[in-house]
Amino acid sequence: MLLRNVRLVAVTDPVPGLVDVRTAEGRVVEVGPDLAPDGSGSTYDGGGRWLMPGLWDQHVHLGQWTLASARLDLAPARSSADAVALVRERLEQWPGVPVIGWGHRPTAWPDNPVVSDLDAIATDQPIVLIAGDGHHGWLNTIALHMLALSTRESVVSEGEWFMAYGRLTSVLGSDGTGPEAYRRSMEAAAAQGVVGLVDLEFSGGVADWAARWADGANLLKIRHACYADGLDDVLSRGLRSGDPLDGSLPNAGSLTMGPLKIISDGSLNTRTAWCCEPYAQKAVPGLEEGQPNQTPEELRALLARAAAGGLDVAVHAIGDRAVTEALAAFEDTGARGGIEHVQLTTRDDVRRMAGLGVRASVQPAHLLDDRDVTERLWPGRAERCFPLRWMLDEGVDVVLGSDAPVSPLDPWLAIAAAVHRSGDDREPWHPEQALSAREALAASTDGRGTVAVGHPADLVLLDADPLDGPSDREHARRLQAFAEQVVATWVAGEAAYERGTAVTPG
């Protein structure tokens with residue numbers, strides 16, 4: 001393909017004026033003015049628009065995101081009674097359909113969700129309500145029994161919940177995550193300029209992704225992560241991070257093995273993120289500082305197995321104690337990879353991250369949701385939350401993502417949040433930790449700077465320059481809506497999205 005008459009977004013190095021960009025065999029092979037056509041491939045006139053590397057979302061639960069549109073939205077609930085009322089309304093509309101909800105955040109509620117509140121609803125259908133941070137499920141007794149969980153009054157949380165989530169399909173029937181549904185999610189992402197996703201879904205394995213890919217869910221580049229329960233299968237296949245999952249698949253190099261994902265602690269909203277100091281409000285009795293999900297020995301054993309097998313590691317660590325312990329495990333085992341979230345940490349641990357070469361995979365849109373919760377539960381610690389500026393200044397490799405469906409699969413929202421650190425009319429939350437628009441954009445392109453020879457031909461064409469403007473509130477608002485500026489997206493040189501044009505499955 002020959003892209004004519006484009007301006008290059010200066011993600012790193014500025015390139016003045018109009019240039020042409022030639023791609024071949026999935027890579028950029030030539031950049032310069034007035035390139036001569038070689039008689040092969042197609043020509044696309046950019047019309048003076050702006051070209052940049054395609055965007056990556058480095059943290060997605062793609063199956064859950066694909067399901068999100070069919071779920072009951074519980075984000076508006078401000079109490080258990082509100083959530084129960086929303087469930088009743090859904091059952092009145094579809095009395096014979098199980099209720100799968102998403103998005104409640106009970107930390108600020110006056111009461112805690114309990115099973116008996118859902119059991120009081122007159123239905124023989126299972127009810128499964130998934131918290132907005134993904135770390136607990138609030139179920140009625142029917143759903144508990146169907147998922148082979150013990151009867152209780154409390155929510156199902158952390159490791160027990162993650163294991164149960166993988167059984168939802170078998171007990172609740174078709175869950176809307178077939179290849180066609182995945183393909184639609186990919187199309188929506190490509191329309192925002194996304195070319196690749198790191199899929200950290202809780203359930204499914206190598207064989208599932210290979211089958212899905214063969215059936216047409218192959219529009220974007222995918223890095224598939226495994227969890228501890230799938231590690232034996234990955235190692236038995238001899239897969240290392242970066243290897244194609246199945247070399248016999250079409251376009252096999254675009255579906256690759258990602259990291260081993262380890263959830264080392266919980267979350268802020270469930271008060272299970274592992275911290276050095278107690279939670280100020282509503283702490284879990286006996287676990288006032290939160291809790292780890294593995295012993296230090298278990299965490300090191302997992303990292304050591306991954307390192308020996310050539311797998312990178314992605315360690316979920318939200319609390320500052322969890323970050324400290326994760327870094328100690330990286331240091332002791334020599335494992336490679338990164339920490340997911342790094343929501344609360346210290347400057348000293350940021351320096352340790354840099355020294356160890358541990359990447360920080362951060363989801364800036366979470367700060368929009370967690371700003372007020374942080375001030376209540378972690379008072380006096382907010383200046384150490386989402387410390388993006390510290391990390392860049394110390395030389396940590398920072399990459400951005402969404403954690404969809406906890407936040408929308410929208411890279412422009414993540415970029416805007418990193419730049420302005422406010423999602424409303426309030427002043428930025430600890431603006432000293434903000435990134436510039438250029439820095440946030442660079443953290444969203446999988447390590448690619450300004451389009452150059454040798455880059456993958458994973459490209460997005462925009463109506464405007466996303467770096468045109470200061471890193472202020474108005475620029476952040478413009479960036480948040482920048483998906484509207486996407487004209488075309490190419491993955492490995494093939495069209496994944498063109499405005500107003502349907503793209504045929506590969």
Side-chain angles (χ1 to χ4, degrees), residues 56-60 133-135 198 200 225 259-270 272-277 289-290 292-294 299 303 312-331 335-371 373-374 377-378 381-403 406-407 414-415 417-419 421 429-430 432-435 439-440 442-444 447:
W56 274 76
D57 191 319
Q58 301 282 346
H59 189 129
V60 174
D133 60 12
H135 278 251
V198 179
L200 303 176
L260 167 67
K261 173 71 183 298
I262 302 169
I263 302 179
S264 78
D265 73 337
S267 70
L268 170 64
N269 280 275
T270 54
T272 50
W274 194 22
C275 302
C276 297
E277 304 169 65
E289 294 86 19
N293 288 326
Q294 303 88 22
L299 182 60
L303 265 68
D312 290 347
V313 182
V315 180
H316 163 120
I318 287 180
D320 50 0
R321 178 69 182 277
V323 172
T324 296
E325 292 296 327
L327 290 173
F330 273 105
E331 186 169 14
R336 300 173 308 170
I339 296 180
E340 301 293 324
H341 307 303
V342 203
Q343 189 162 336
L344 174 66
T345 190
T346 65
R347 190 70 181 261
D348 284 345
D349 273 351
V350 168
R351 294 187 180 106
R352 288 180 69 201
M353 290 183 73
L356 292 169
V358 172
R359 183 176 57 250
S361 175
V362 186
Q363 302 74 45
H366 288 352
L367 70 86
L368 308 180
D369 297 323
D370 287 351
R371 175 176 184 167
V373 178
T374 298
L377 299 186
W378 292 342
R381 289 174 259 184
E383 71 277 2
R384 299 191 282 118
C385 289
F386 302 94
L388 301 175
R389 172 52 50 201
W390 280 359
M391 290 191 280
L392 275 196
D393 285 352
E394 296 294 346
V396 175
D397 178 20
V398 177
V399 297
L400 304 186
S402 66
D403 200 9
V406 180
S407 293
I415 290 167
V419 169
R421 296 178 69 96
W429 189 45
H430 288 282
E432 71 276 7
Q433 295 287 7
L435 301 185
E439 290 167 336
S444 304

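Given the structure is predicted, the values throughout are model-derived calculations rather than measurements. Values below: every heavy atom of this structure, side chains too, minus hydrogens, waters and symmetry copies.
Taking the six-membered ring where the residue is Trp, His135 and His316 present tilted rings, their angle falling between 30° and 60°.
No donor-acceptor pair under 3.5 Å is formed between the side chain of Arg359 and the backbone N or O of Asp397. Within the 3.5 Å criterion, the main-chain N or O of Glu331 finds no donor-acceptor partner in the side chain of Arg352. Listed for the Gln363 side chain is no donor-acceptor partner under 3.5 Å among the backbone atoms of Gln58. A donor-acceptor contact shorter than 3.5 Å is absent between the side chain of Glu383 and the backbone of His430.
Here the rule is side-chain contact (heavy atoms from CB on, under 4.5 Å) with Val362, and of Glu340, Gln343, His341, Met391 only Met391 fits it. Applying the side-chain contact (heavy atoms from CB on, under 4.5 Å) test between Cys385 and each of Leu344, Thr345, Leu367 identifies Leu344 as the sole match.
Nearest heavy atom pair, residue Trp378 against residue Ala273, reads CZ2-CB, 4.2 Å. Contact record, Thr272 with Thr270: OG1-OG1, 2.6 Å, taken as the closest heavy-atom pair. Pro364 approaches Ala414 most closely through the heavy-atom pair CB-O, 3.4 Å. Of all heavy-atom pairs spanning Val313 and Ala335, the tightest one is CG2-CB, 4.3 Å. Ile318 and Leu268 get closest at one heavy-atom pair: CG2-N, 4.4 Å. The two atoms that bring Ala440 and Ile415 nearest to each other are CB-CG2, 3.8 Å, heavy atoms only.
For the atom pair CZ of Arg384 and OG1 of Thr374, the computed distance is 11.5 Å after rounding to the nearest 0.5 Å. For the atom pair CG of Leu260 and CG of Leu303, the computed distance is 7.5 Å after rounding to the nearest 0.5 Å. The CG atom of Leu435 sits 12.5 Å away from the CZ atom of Phe386 when rounded to the nearest 0.5 Å. Atom CG of Leu299 is separated from atom CG of Asn293 by 10.0 Å, given to the nearest 0.5 angstrom. Expressed to the nearest 0.5 Å, how far CD of Glu394 lies from CZ of Arg351 amounts to 4.5 Å. The distance from atom CZ of Arg321 to atom SG of Cys276, rounded to the nearest 0.5 Å, is 6.5 Å.
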Between Met353 and Val342, is a side chain to side chain contact (heavy atoms under 4.5 Å, CB included) present by the stated rule, with each step listed? CA-CA 11 Å; Met353 290 183 73; Val342 203; 4.2 Å; yes
Check against ring pair (Phe, Tyr, Trp, His ring centres under 6.0 Å), His59 and His366: CA-CA 12 Å; His59 189 129; His366 288 352; 7.8 Å; no
Give the intermediate values and the outcome of side chain to side chain contact (heavy atoms under 4.5 Å, CB included) for residues Asp320 and Asp349. CA-CA 9 Å; Asp320 50 0; Asp349 273 351; 6.0 Å; no
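Evaluation of the salt bridge (charged side-chain N to carboxylate O under 4.0 Å, His left out) rule for Asp265 yields no partner, not counting sequence neighbours.
Contact annotation: the side chain of Glu432 never approaches that of Arg389 to less than 4.5 Å [non-hydrogen atoms, C-beta and beyond]. Here the side chains of Leu327 and Ile339 are in contact, with some heavy-atom distance below 4.5 Å.
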